[in-house]
Every structure is written in C-alpha cells, then in structure tokens.
> 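Sharing a structure with you now.
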Amino acid sequence: MQGKERVILVARKDPNEEEKRFNSSLEELHSLTETADGDVCRVITQKRDRVHPATYLGEGKLEEIKAAALETEAELIIFNDELTPGQLRNISDKVERRVLDRSQLILDIFASRARTKEGKLQVELAQLQYLLPRLAGQGTELSRLGGGIGTRGPGETKLETDRRHIRRRIDDIKKRLNSVVKQREQYRQRRKENRAFQIAIVGYTNAGKSTFFNRVTESDSYEENLLFATLDPLTRQMSLPSGFQALISDTVGFIQDLPTTLIAAFRSTLEEVTEADFILHMVDASHPDHLQQEKTVLRLLDELGAGQLPMLTVYNKKDLLREDFIPETHPSLTVSVHDRIDLKRILDKVEVVLKEEWHEYDVFIPASEGKRLQQFKKFSMITSMNFYEDKEGYAIHGFIHPEHPLRHQIL
C-alpha cells in the first residue's frame, strides 16, 4: 500500500470575495484532496487583486510555496482555481513540483469513482478535453509522473505526445456515448409510455443521497462519507406509503465551480433530473455552508431546465446539529436518513406535496373489473377504498396526476 501523497494547497483571495465563501471553497478543496487520497500538510493563501497572467501568483509567493514544499517534503501543489496551460507550466518550473488545479483534482476523483462503462467514458472525455490545450510543454512532466493524484485515467498513457491521437479518441468516445445516450432515451421513452412516476434525488455531494436511496429501495449503491461517492445514475422501484409505485433515481452530487468540461460530460447523467416528475433535494443541514450549497444546486437545476418541478427539500444529518435549525425553504423536513421513523416521514411528506399538485377523485369500480382496479392502485394514490356488497364493487377516493390517461375514466 502506497503512502498518501503529501500536498500543499494554494488559494488566491480576491479582496471582493466574501470571507465565508472563500473559506468554504478552501475547505472543499481540502475534502477533495483527502477524497483523492492526499495528505494536506500546508495551506498557503494570498490576497491579490488580480491573477498574474504568467504565474497566477506573484514571484515571492511562489518562492514561499517552493520553500514550504522542501520543508514539508510535499510532492504536489494544488491550486484552488483553474489555471491556464501557461500558468501550470510556469508554476511547475518555479516550484519544481507537480502542480494541479482544482479542475484536474475533481477529474481525477471522478476517474477513480466511475463504475459503469458510461461513467468511465464520460470521465475520460472530460479529462482529454481538459488535457488537449495543456499538452505543450507537459511531455516531460507527464511521462515521469509514475502515478499519484491527477494521473489516473488517460494521463498515464503517453497520450500527450500525439494530439491527433487524443482528438481521434475524443471523437471515438463521443460516438460511443451517443449510442449510450440513445439507449437511455429509449429506456426513458418506455418509462414514459408505462406512465412510471419518477422521483430524482438531487443535492450537493455528500448530503446523504445514496444513504437515503439505499434505505428506501433496500439496494446497495456505493455509500461512503466521501465527495462524489456516486457517479453513475441508479434507478430503482419503490412504494410510497399509499402503495403507489414510483421509480427513484440517485444522481451525481453537485459542487461549486464544477469544471465546465465535466458538466458537459455528465449532461446525460444530470438529464435524469429533467425527466423526473418530482425532486427530492437533500441538504446536509450540519454543513456550515449549507445555504451556499443549496443555492448551487438550485441554480444548476434551473440551468438544466428542472427548476419548475415539484420539490421537497430534506435537511439531513439533524443528529449532527448543535443548535436549533431554521429551514430556508418550504416545503421541507429536517431529518436523519439513518432513522427509520424519519424515512417514513419523508415518504409521507412526498405524498402530502403530491396531493396538493394532483387531481382529487372518487370512482366506483365493479369487483369484476380487476384489471382496472389494479391500474388505479398502481398509478394513483388511494386514500380510501370501501367494498359495497350490495353494489358488488369498490368506492375509491384518491389522487391522480392531472395528465394521467386514467383520469379520463373518472366521471
């Protein structure tokens, strides 16, 4: 087992940036580094009006970083920003260490987390698109990397020597991903035709989405206290308390300043969200910056065109709260997804929210029409069902999606 790589984190603070946001972004970089198996031994920050075009920070600061690397025996310097190809090269020359930026670090974590064929292809595409403009002058560094953070995925093969090879590989991956996207669209179309009701769990990375998903579907998706534990969208069937059947999807965690190549690459994964009928937004209520995280997710949902869907905000990790918690958003619940009673409260609340959106109905179904009865059980939320012997049938009261075809059978 290889020891953890020693890392120095570097961040520039813009004088106009809020202290809180700067600190939370830096903490996030710290968590990302730990997730990538790095050991942070020093954090160096500089207040600076603007970025130095050639070296990002000033000469004196780079000397300080170099001295700190010698002193702490750090092998890697990670910057909390996206660096230009020239900056990466110049900084690396000055500090005589490997240098990564925030985007490369996130890409690296994604490379080690992807489980499915599609996930792996998406990560590789994002890495290659990021690598292409950064090839010049990286030849020597990349070939002598020999593993470590930022080298998982295509960096290890000597792709940097041949841009044409990379461009060909990018085209090839895009073609393969297109066919996966087509399959996914067919699958979605089938779900639509079957009128399957879809719930998508969204939220900031590490808010407890997979834990909730596993508890309510009794499945075993990857669940760990790490950023980006889930990369590949999983969909399973589940029952709401009324017996109503729904499909529920666990999605990739959102994060501040996600590299644009990654958002593009994970478009199809995130599109699961736009196809949903209902959104469960999980928030880690115990996180000091949970408000900012909540806003990040809502902004991304808007960008994806999913901002108008019915939503329940679930403030998770109430067991870690030190003081009274006041929710920002409604409708919402404050829970711990490890608590069975809280899980039931979430599912009950989903039904309450849906009832406000759905059409309330009363219908009488003769006992001889078993198939029709099953349809109502499956596609609507039944709140009461009484059998009348004299009429030989069931009087049903419930709620149904306003656009569901069954609604036409209700007189």
Side-chain angles (χ1 to χ4, degrees), residues 7-36 38-52 56-58 61 64-65 68 77-83 100-106 109 202-209 225-229 252-260 262-263 281-304 307 311 313-330 332-336:
V7 180
I8 291 176
L9 303 183
V10 180
R12 174 188 78 94
K13 184 177 184 314
D14 187 306
N16 303 320
E17 189 177 12
E18 277 179 38
E19 196 74 39
K20 199 170 161 193
R21 177 166 160 98
F22 176 73
N23 290 336
S24 107
S25 178
L26 199 50
E27 272 168 39
E28 199 164 83
L29 188 72
H30 203 293
S31 301
L32 288 166
T33 306
E34 284 175 357
T35 298
D39 175 21
V40 177
C41 50
R42 185 77 55 90
V43 178
I44 294 174
T45 62
Q46 180 174 37
K47 268 194 177 148
R48 191 181 167 92
D49 276 349
R50 57 179 66 87
V51 165
H52 189 293
Y56 187 74
L57 299 175
K61 208 53 166 178
E64 186 189 323
I65 294 167
I77 319 293
I78 300 179
F79 278 70
N80 191 27
D81 208 343
E82 194 163 304
L83 300 173
L100 284 188
D101 64 16
R102 184 187 176 94
S103 296
Q104 283 169 298
L105 176 62
I106 292 172
I109 294 168
V202 304
Y204 212 74
T205 180
N206 204 21
K209 297 184 298 300
N225 186 25
L226 285 174
L227 300 177
F228 303 123
V252 61
F254 291 52
I255 187 169
Q256 282 179 171
D257 313 319
L258 197 61
T260 44
L262 261 183
I263 291 185
H281 178 187
M282 293 289 246
V283 180
D284 174 357
S286 69
H287 195 285
D289 204 22
H290 69 86
L291 275 179
Q292 186 61 46
Q293 296 186 346
E294 208 177 318
K295 282 184 189 136
T296 300
V297 173
L298 293 174
R299 192 177 63 246
L300 274 167
L301 285 175
D302 272 342
E303 283 170 19
L304 287 165
M311 184 188 301
T313 305
V314 178
Y315 292 101
N316 186 25
K317 308 193 188 182
K318 73 171 182 192
D319 47 318
L320 303 178
L321 292 173
R322 297 276 170 272
E323 53 211 42
D324 286 347
F325 181 78
I326 298 152
E328 270 292 298
T329 310
H330 298 283
S332 72
L333 281 175
T334 307
V335 304
S336 163

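The residues of the chain are indexed from 1 along the displayed sequence.
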> Looking only at non-hydrogen atoms, find the nearest pair between His290 and Val283 and report the distance.
CB-CG1, 4.0 Å
> Compare all side-chain heavy atoms of Leu32 with those of Ile78 and state whether any distance is below 4.5 angstrom.
no
> Give the minimum heavy-atom separation between Ala68 and Arg42, together with the two atoms involved.
CB-NH1, 3.6 Å
> Measuring only between side-chain heavy atoms, which start at C-beta, is Thr296 closer than 4.5 Å to Tyr204?
yes
> As an exercise, state the distance from CE of Met282 to NZ of Lys209, rounded to the nearest 0.5 Å.
8.0 Å
> Before you tell me yes or no, could you show the steps for Leu291 and Lys20 under side-chain contact (heavy atoms from CB on, under 4.5 Å), namely the whole-Å CA-CA distance, both residues' side-chain angles and the distance that decides it to 0.1 Å?
CA-CA 11 Å; Leu291 275 179; Lys20 199 170 161 193; 5.6 Å; no
> Can you tell me how far apart NZ (Lys318) and CG (Leu333) are? Round to the nearest 0.5 Å.
9.0 Å
> Strictly distance-based, threshold 3.5 Å: is any side-chain N or O of Tyr315 a donor or acceptor partner for the main-chain N or O of Ile326?
no
> Listed by chain and number, what are the salt bridge (Lys or Arg N to Asp or Glu O under 4.0 Å) partners of Glu64, not counting sequence neighbours?
Lys61
> Side chains of Thr329 and Glu294: any donor to acceptor distance under 3.5 Å?
yes
> Give a yes or no on this: more than 12 heavy atoms of other residues, nucleotides or ligands lie within 6.0 Å of atom CD of Glu328.
no
> Val43 vs Leu29, test: side-chain contact (heavy atoms from CB on, under 4.5 Å). Steps then yes/no.
CA-CA 10 Å; Val43 178; Leu29 188 72; over 6 Å; no
> Mind checking what makes salt bridge (Lys or Arg N to Asp or Glu O under 4.0 Å) contact with Lys13, not counting sequence neighbours?
none
> Kindly say whether Leu320 contributes a backbone atom to a donor-acceptor pair with the side chain of Arg322 at under 3.5 angstrom?
yes
> Of all residues at least two apart in sequence or in a different chain, which pass the side-chain hydrogen bond (donor to acceptor under 3.5 Å, both in side chains) check with Asp81?
Tyr56
> Of the non-hydrogen atoms in Glu27 and Pro288, which two are nearest, and what is the gap between them?
OE1-CG, 4.4 Å
> Under 4.5 Å between any side-chain heavy atoms of Leu9 and Asn80, yes or no?
no
> Quick one: CG on Leu57 to CD1 on Ile65, what's the gap to the nearest 0.5 Å?
5.5 Å
> Is there a donor-acceptor contact under 3.5 Å from the side chain of Ser25 to the main chain of Arg21?
no
> Going by the rule salt bridge (Lys or Arg N to Asp or Glu O under 4.0 Å), which residues pair with Arg48 if we only count those two or more places apart in sequence or in a different chain?
none
> Considering all heavy atoms of both residues, which atom of Asp284 and which atom of Ala207 are nearest to each other, and what is their separation?
N-CB, 3.9 Å
> With His30, which residues qualify under ring-ring contact (aromatic ring centres under 6.0 Å, His included), at least two apart?
none
> A side-chain contact here means heavy atoms from C-beta on lying under 4.5 Å apart; do Leu321 and Thr334 qualify?
yes
> Should Asp289 and Glu28 count as side-chain neighbours, where that means a heavy-atom distance under 4.5 Å?
no
> Measure the spacing between OG1 of Thr33 and CD1 of Ile8 and express it to the nearest 0.5 Å.
12.0 Å
> Under the rule for side-chain hydrogen bond (donor to acceptor under 3.5 Å, both in side chains), what residues qualify as partners of Asn316, not counting sequence neighbours?
none
> Can you tell me how far the NE2 atom of His330 sits from the OG1 atom of Thr313, to the nearest 0.5 Å?
9.5 Å
> Looking at CG of Asn16 and CG of Asp49, how far apart are the two atoms once the value is rounded to the nearest 0.5 Å?
7.5 Å
> Under a 3.5 Å distance rule, please check whether Gln104 uses its side chain to pair with a backbone N or O of Asp101 as donor and acceptor.
yes
> Over all heavy atoms of both residues, which pair between Leu105 and Ala36 is shortest? Give the atoms and the distance, please.
CD1-CB, 3.8 Å
